[in-house]
Number of protein chains: 2
Amino acid sequence: MNTRIKELRKENKLSQEELALAVGTTRQTISSIETGKYVASLPLAYKIARYFGLTIEEVFDLSEYIE
Amino acid sequence: MNTRIKELRKENKLSQEELALAVGTTRQTISSIETGKYVASLPLAYKIARYFGLTIEEVFDLSEYIE
DNA sequence: AAAAAATAGCAAGCATACTTTACATTTTTT
DNA sequence: AAAAAATGTAAAGTATGCTTGCTATTTTTT
C-alpha cells in the first residue's frame, strides 16, 4: 500500500522521529508504514492524517482494496 | 469507538451477513466492530466506507484518538 | 572527506484484528 | 405464540500492527 507520508514529511521538513512523537508512536512504526512493511491501524492512520490536516484517504492510497 | 455502520445498514435494509459478504469479511467481524469489540483495520474500514459511498471519517467516529 | 543525522532492516515479544465454529439471545416474521 | 432470522458472545487459532532494542546503510551536514 502506498502512502503520502514521506512526501508530506519532506514538505513539512519533519524527520520520522518528529512525526512519530507528534502522533504518539515510534520512529520504527513510521518507517515500517512508509516502506510498506505493514499497514497503519485505523487510529494511527487518523492521527497521521489529522496531523497534516488531511483526510485518511488523502494520505493513504487504499485503492488496491477495491476492485 | 463509535461507528455508523448499524445505522447505515438499517437505512439500506442490510443484514450484517449481507454487508459482510459485500465487503469480503465475516458476519461476526461486522458484529464485533458494531459492538465495539475491536476496531476495524484500515483496509476493511475503507471497504465498508466505500460500500456506503462515504469517507472513512463519515462512517467511523475517530475523535477519541485526538486530544 | 568525515561526521552526524536520518532511515532501513532484523528480531523478539505483546496486543489486537480477524476467521472459524458453535451456541445463546434478541428481534423479526409468520 | 411459534418459528425463523438476525445478532451477540465465547473460544481457539492465525496473521498483523505495533514496541523495544539494536545494527547496517543511506542521506545530510559539516
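A note on names: the letters A, B, ... follow the listed sequences, proteins ahead of strands, and every chain is numbered from 1. What's counted below: heavy atoms across the whole structure, side chains too, no hydrogens, waters or symmetry copies.
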J.: So, using side-chain contact (heavy atoms from CB on, under 4.5 Å) as the criterion, who are the partners of B:Glu11 when residues are at least two apart?
T.: B:Glu7, B:Leu8
J.: Quick one: CG on B:Leu21 to OG on B:Ser15, what's the gap to the nearest 0.5 Å?
T.: 8.0 Å
J.: Check whether B:Ser31 reaches the backbone of B:Arg27 with its side chain - one donor and one acceptor, N or O, closer than 3.5 Å.
T.: no
J.: Go through A:Thr3 and A:Ile33 one step at a time and tell me if the side-chain contact (heavy atoms from CB on, under 4.5 Å) criterion holds.
T.: CA-CA 8 Å; A:Thr3 86; A:Ile33 292 165; 4.3 Å; yes
J.: Tell me, which pairs form a side chain to side chain donor-acceptor pair (under 3.5 Å) where one or both residues lie in residues 41-52 of chain A, sequence neighbours left out?
T.: none
J.: So how far is it from A:Gln28 CD to A:Gln16 CD, rounded to the nearest 0.5 Å?
T.: 9.0 Å
J.: Tell me if a side-chain donor or acceptor on B:Glu57 pairs with a main-chain N or O of A:Ile56 at a distance below 3.5 Å.
T.: yes
J.: For DNA chain C, note the earliest and the latest nucleotide, 5' to 3', having some atom under 4.0 Å of a heavy atom belonging to chain A.
T.: C:dT7 to C:dC10
J.: Enter the distance from B:Glu18:CD to B:Arg9:CZ here, rounded to the nearest 0.5 Å.
T.: 9.0 Å
J.: For the helix from C:dA1-D:dT30 to C:dT30-D:dA1, what angle lies between the axis at the first five pairs and the axis at the last five pairs, to 10 degrees?
T.: 60°
J.: Evaluate the side-chain proximity of A:Thr29 to A:Tyr38: yes if any heavy-atom separation is below 4.5 Å, no if none is.
T.: yes
J.: For A:Thr26 and A:Ala20, which heavy atoms make the closest approach, and how far apart are they?
T.: C-CB, 3.4 Å
J.: So, for B:Ala45 and A:Leu42, which heavy atoms are closest and what is the spacing to 0.1 Å?
T.: CB-CD2, 3.9 Å
J.: When you measure from every atom of DNA chain D, which of residues 4-32 of chain B have a heavy atom less than 4.0 Å away?
T.: B:Lys6, B:Arg9, B:Lys10, B:Ser15, B:Gln16, B:Arg27, B:Gln28, B:Ser31
J.: Between A:Asp61 and A:Met1, what is the shortest heavy-atom contact and its length?
T.: O-CG, 3.3 Å
J.: Which ones in residues 37-59 of chain B lie close to DNA chain D, meaning a heavy atom under 4.0 Å from one of its atoms?
T.: none
